[in-house]
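Okay, structure first, notes after.
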Amino acid sequence: MPRKRSVSSPLHRYARPIMAGAASIGAVVTAYLTIVKLTGNETACPSSGCDIVLSSPYATILGLPLALFGFLAYLSMVVLAIAPLVVSSPQQKELRDRLAQWTKPLLLVGGTSMLVFSGYLMYLLAFEIKALCVYCIGSAILSATLFILALIGQDWPDLSQPLFTSVIVAMVALVGTLGVYSGINNPAVADGGAEETTDIPVTTTSGESEIALAQHLKDIGATFYGAWWCPHCHDQKSLFGQEAAKVVPYVECSPPGDVRSQTPECQAAEIPSYPTWEINGERYNGAISLEELADLSGYDGPRDFQNSVS
């Protein structure tokens, strides 16, 4: 019997290296997204959905980027997966076996928790944020891979035990996930009332050029579509400054205190992401420098713009 167990299936032999590899990929991706979120840059993404997701309140937990917690979770899975593998000396076989037994249930707990959380994020992408984020989908696939390998890629005496553990962990993880996002899913609680928003005030000042450009954009019928929760929209307003931002033809696409729906006007205009500019019948996504806005709109007034966003 011991000899038969030692000749384990290829899946059992290679499950941990595969898990370590998958978790390493996840750690690299989430580290990149954390940096993007903290620096306010745009992602290298084939669609605008990635930036929409990163700009939403769902991308922040306890004031920190959600991607940071994802990075820590993936890093933990890497450590748990390779812990027994780094003990390769025959003299340390007992230590390696103890590490394998100790980390086996932790890998299952981690994989189950990540699967549940990723599943909820997929729900948010499909029904709440309504945006396509390839990084999020890729992370969900990696989480599912880690869960499957933790469940069937390890040598369990009885599969009913890990299945029962997974169900319990999944229930706890789901309750915890719903608790974390309860404030966002209930705007009245999160913001103190449906009338309030968390729109960040514009603190920069406007010069003559900023005000003139804002008036020109208004005169030609340009439209700036944005949302109160969108940091890039705030960056765009900050470029204009306080005075000019009041002149800019701005359309708020998100109902006060709510990130889950879109105003009828923006739905009719089929605005997919924020900020979106519509100038002379053409649409442009993302925060745009005032120089570029001047060029796109045919503005011929003063251009000594004084604001910039780092």
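Just so you know, these numbers come straight off a predicted model, no measurement behind them.
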Fill in: Flag side-chain contact, heavy atom, 4.5 Å: I288 against W277
yes
Item to complete: Please say whether more than 12 non-hydrogen atoms of neighbouring residues, nucleotides or ligands are located less than 6.0 Å from CD in Q161.
Response: no
Worksheet item: Which heavy-atom pair separates V202 from S238 by the least distance, and what is that distance?
Response: CG1-CA, 3.9 Å
Worksheet item: Is the side chain of Q154 donor-acceptor paired with the backbone N or O of W156 at a distance under 3.5 Å, no angle test?
Response: no
Item to complete: Taking the side chain as every heavy atom from C-beta outward, state whether P249 and L217 have any atom pair closer than 4.5 Å.
Response: yes
Worksheet item: Can you tell if the side chain of F305 reaches within under 4.5 Å of the side chain of S289, non-hydrogen atoms only?
Response: no
Discussion item. Tell me if a side-chain donor or acceptor on W228 pairs with a main-chain N or O of P255 at a distance below 3.5 Å.
Written reply: yes
Discussion item. Using modelled atom types and a 3.5 Å cut-off, is there a donor and acceptor pairing between side-chain atoms of E243 and backbone atoms of S206?
Written reply: yes
Response to the item:
One should read off an interatomic distance between I168 CD1 and L163 CG, to the nearest 0.5 angstrom, of 12.0 Å
Practice prompt. For Q242 and P201, indicate whether the former's side chain and the latter's backbone hold a donor-acceptor pair under 3.5 Å.
Written response: no
Worksheet entry | Working for side chain to side chain contact (heavy atoms under 4.5 Å, CB included), residues Y135 and Y32 | CA-CA 10 Å; Y135 294 114; Y32 165 70; 3.7 Å; yes
Item to complete: Decide if atom CD of Q92 counts as having more than 12 heavy atoms of other residues, nucleotides or ligands within a radius under 6.0 Å.
Response: yes
Discussion item. Please determine whether residues L178 and F117 belong to a single hydrophobic cluster, defined as Ile, Leu, Val, Met, Phe, Trp and Tyr linked transitively by side-chain heavy-atom distances below 4.5 Å.
Written reply: yes
Practice prompt. Applying side chain to side chain contact (heavy atoms under 4.5 Å, CB included), run through Y250 and K237 and close with a yes or a no.
Written response: CA-CA 9 Å; Y250 175 73; K237 294 176 184 177; 3.6 Å; yes
Worksheet entry | Distance, nearest 0.5 Å, that separates CD of E282 from CD1 of I279 | 10.0 Å
Worksheet entry | Gap separating the CG atom of L290 from the OG atom of S209, nearest 0.5 angstrom | 9.0 Å
Worksheet item: Should D295 and R303 be marked as a salt bridge (charged side-chain N to carboxylate O under 4.0 Å, His left out) after you check the CA-CA gap, both sets of side-chain angles, and the distance that decides it?
Response: CA-CA 11 Å; D295 292 336; R303 295 198 180 201; 2.7 Å; yes
Worksheet entry | Approximate separation, where rounding is to 0.5 Å, of I220 CD1 and Q215 CD | 11.0 Å
Donor-acceptor contacts, no H, no angles, side chain residues 140-150, under 3.5 Å, sequence neighbours left out:
residue: S143; atom: OG; partner: Y74; partner atom: OH; Å: 3.4
residue: S143; atom: OG; partner: S118; partner atom: OG; Å: 3.0
residue: S143; atom: OG; partner: S139; partner atom: O; Å: 3.0
residue: T145; atom: OG1; partner: I141; partner atom: O; Å: 2.9

Worksheet item: Side chains of E210 and T204: closer than 4.5 Å at any heavy-atom pair?
Response: no
Worksheet item: Can you tell me if NZ on K218 sees more than 12 non-hydrogen neighbours from other groups inside 6.0 Å?
Response: no
Worksheet item: Would you say the SG of C45 sits under 2.5 Å from the SG of C133?
Response: no
Worksheet, complete the sentence: Shortest non-hydrogen pair, A20 vs V78, comes out as O-CG2, 3.8 Å
Worksheet, complete the sentence: Between Q236 and A287 the two heavy atoms that sit nearest each other are OE1-CA, 3.2 Å
Discussion item. Apply side chain to side chain contact (heavy atoms under 4.5 Å, CB included) to residues V169 and V116 and explain how you reach the verdict.
Written reply: CA-CA 9 Å; V169 173; V116 171; over 6 Å; no
Worksheet item: Does the side chain of D235 reach to within under 4.5 Å of the side chain of L239, using non-hydrogen atoms?
Response: no
Discussion item. Between R16 and A100 (side chain of the first, backbone of the second, donor and acceptor by atom type, cut-off under 3.5 Å), is there such a pair?
Written reply: yes
Worksheet entry | Centroid-centroid distance, Y120 to Y181, less than 6.0 Å | yes
Response to the item:
In short, A227 meets C233 closest at the heavy-atom pair N-SG, 3.6 Å
Worksheet item: So how far is it from L99 CG to I82 CD1, rounded to the nearest 0.5 Å?
Response: 11.0 Å
Worksheet entry | Exam field: side chain K37 to backbone L54, donor-acceptor pair closer than 3.5 Å | yes
Item to complete: Quick one: list whatever passes salt bridge (Lys or Arg N to Asp or Glu O under 4.0 Å) with D219, sequence neighbours left out.
Response: none
Worksheet entry | Side-chain heavy atoms of E252 within contact of Y225, under 4.5 Å | no
Fill in: Heavy-atom check, side chain of L11 versus side chain of I18, under 4.5 Å
no
Discussion item. Before you tell me yes or no, could you show the steps for L66 and L33 under side chain to side chain contact (heavy atoms under 4.5 Å, CB included), namely the whole-Å CA-CA distance, both residues' side-chain angles and the distance that decides it to 0.1 Å?
Written reply: CA-CA 9 Å; L66 172 62; L33 294 178; over 6 Å; no
Discussion item. Taking L64 as the starting point, is it possible to reach L124 by hopping between hydrophobic residues whose side chains are less than 4.5 Å apart?
Written reply: yes
Worksheet item: Do the side chains of L296 and F224 join up, straight or via other hydrophobic residues, at under 4.5 Å, putting them in one cluster?
Response: yes
Worksheet item: Do L80 and V109 share a hydrophobic cluster, counting only Ile, Leu, Val, Met, Phe, Trp and Tyr and linking them when any side-chain heavy atoms are less than 4.5 Å apart?
Response: no
Worksheet entry | Sidechain-backbone polar pair: T60 side chain, P65 backbone, donor-acceptor under 3.5 Å | no
Worksheet item: Taking everything shown except D158 itself, do over 12 heavy atoms lie less than 6.0 Å from its CG?
Response: yes
Worksheet item: Side chains of Q101 and D97: closer than 4.5 Å at any heavy-atom pair?
Response: no
Discussion item. To check you understand the geometry: which heavy-atom pair defines the closest contact between A27 and F71, and what is its length?
Written reply: O-CD1, 3.2 Å
Worksheet, complete the sentence: For A81 and M19, the nearest pair of non-hydrogen atoms, with its separation, is CB-CB, 4.2 Å
Discussion item. If you count every heavy atom of other residues, nucleotides or ligands that lies below 6.0 Å from Y14 atom OH, does the total exceed 12?
Written reply: no
Practice prompt. Indicate if L115 and L121 have the same hydrophobic cluster label, given that clusters are the connected sets of ILVMFWY residues with side-chain heavy-atom separations under 4.5 angstrom.
Written response: no
Practice prompt. Give yes when the SG atoms of C253 and C266 are nearer than 2.5 Å, otherwise give no.
Written response: yes
Worksheet item: Short question: side chain of Y299, backbone of P302 - any donor-acceptor pair under 3.5 Å?
Response: yes
Item to complete: Please answer whether the main-chain N or O of D155 pairs with a side-chain N or O of K104 as donor and acceptor at a distance below 3.5 Å.
Response: yes
Worksheet item: Would a distance-only check, ignoring hydrogens and angles, find a side-chain to backbone donor-acceptor pair under 3.5 Å from H216 to S297?
Response: yes
Worksheet entry | From CG (L107) to CG (L151), nearest 0.5 Å | 12.0 Å
